[in-house]
Amino acid sequence: MPPTRRATKPAVPEQLGFAGMPERLFVCTPSKLGAYTDCPRRYRYSYIDRPSPPKGPPWAHNSLGASVHTALKNWYMAPTERRVPESLPTLLKATWVREGYRDVDQERVAYQRALDWLESYVATLDPEDEPLGVERVVAAKTSVLALNGRADRIDTRVGPAGPEAVIVDYKTGRSGLSPDDARGSQALALYAFATERMFRRPCRRVELHHLPTGTVVTHEHTEESLARQVRRAEETAQDIMAAEKAVAGGADPDAEFPVNPGSLCGWCDFRKVCPAGASVAAKEPWTAVEHLSA
Ligand code: SF4
């Protein structure tokens, strides 16, 4: 885990240097915070260094995930009478991202698998349902964060006290999911927090929908568990701002944004430019979709 900087918290209120002036909020998405938590150096390469260091080639699993997500978005954008399984090949073809595959044969297999997943998944959906949001940007502010992010889907369900919002996140990766994945996901919790604020209705339930297995794992947050995740996000933001401030004051950027070598390095876009990643065996851009052809 990257080192923490709790001791440097006071750096934040000093940012503008004038007593009584409002503090600058840290503008972020859940993935920006997650990048720092995973590896401060990767955060620096992605969000601070300009020009940004060159990235490796696109990943096939990202192409596959993006294609499926966009097809589902367009499913909900279509009028209800066109939300039928027969529409799926057209929807998927229109949004198919071709990058990263080893060859056309592998891409064809991935396309067919994606279509199978979508057919199974939409069979579980009511075409008449109109979600509260599809790929909806939600945003909220705290005393530290100006948070925004795009939720895959926000459903409406009736709870004991009236309508509630539910965060739905699609997954297309190889590994199955457990309820711990839903419970521990900071991104889902932050979407729920922002949704509750924006729509002024409870949003405590978060769901991961794993299309390859048809599994849905869920977690019911409480006010306290959402507050805990927001606090953690604020602490991460304060760590980042403290590191940025230190660099602005002349500190060594490599020390302030240290590497965090580990299993993620093989999948890191900046592996080639990072001193820690260069020694890690590279994954092929299509490694994570190879199992689909097995
Ligand atoms: S290669 Fe590893 S250590 Fe280097 S930036 Fe990427 S994740 Fe961090």
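Atoms within each ligand, like the ligands themselves, are counted from 1 in listed order. Keep in mind it's a predicted model, so treat the numbers as computed, not measured.
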Can you confirm whether the side chains of [X] and [Y] place a donor and an acceptor under 3.5 Å from each other?
X    : Y    : answer
D169 : H209 : no
Y170 : R153 : yes
W286 : D103 : no

Taking only heavy atoms of [X] into account, list the atoms of ligand 1 that are under 4.0 Å away from them.
X    : answer
C39  : 3 (S), 5 (S), 7 (S), 8 (Fe)
G277 : 1 (S)
V259 : 3 (S)
C274 : 1 (S), 3 (S), 4 (Fe), 5 (S)
R42  : 5 (S)

| field | Side chain, backbone, both or neither: the part of C265 lying under 4.0 Å from ligand 1 by heavy atom | value | both
| said: If we set the cut-off at 4.0 Å for heavy atoms, which region of N260 has an atom near ligand 1: side chain, backbone, both, or neither? | reply: backbone
| query | Is any side-chain N of the basic residue among R204 and E196 closer than 4.0 Å to the acidic one's carboxylate O? | reply | yes
| message | What I want to find out is whether R83 reaches E130 closely enough, with some N-O distance under 4.0 Å, to be called a salt bridge. | response | yes
| remark: Among non-hydrogen protein atoms, atom 6 (Fe) of ligand 1 lies closest to C268 SG, 2.4 Å
| message | Can you tell me if K32 has over 12 outside heavy atoms packed within less than 6.0 Å of its NZ? | response | yes
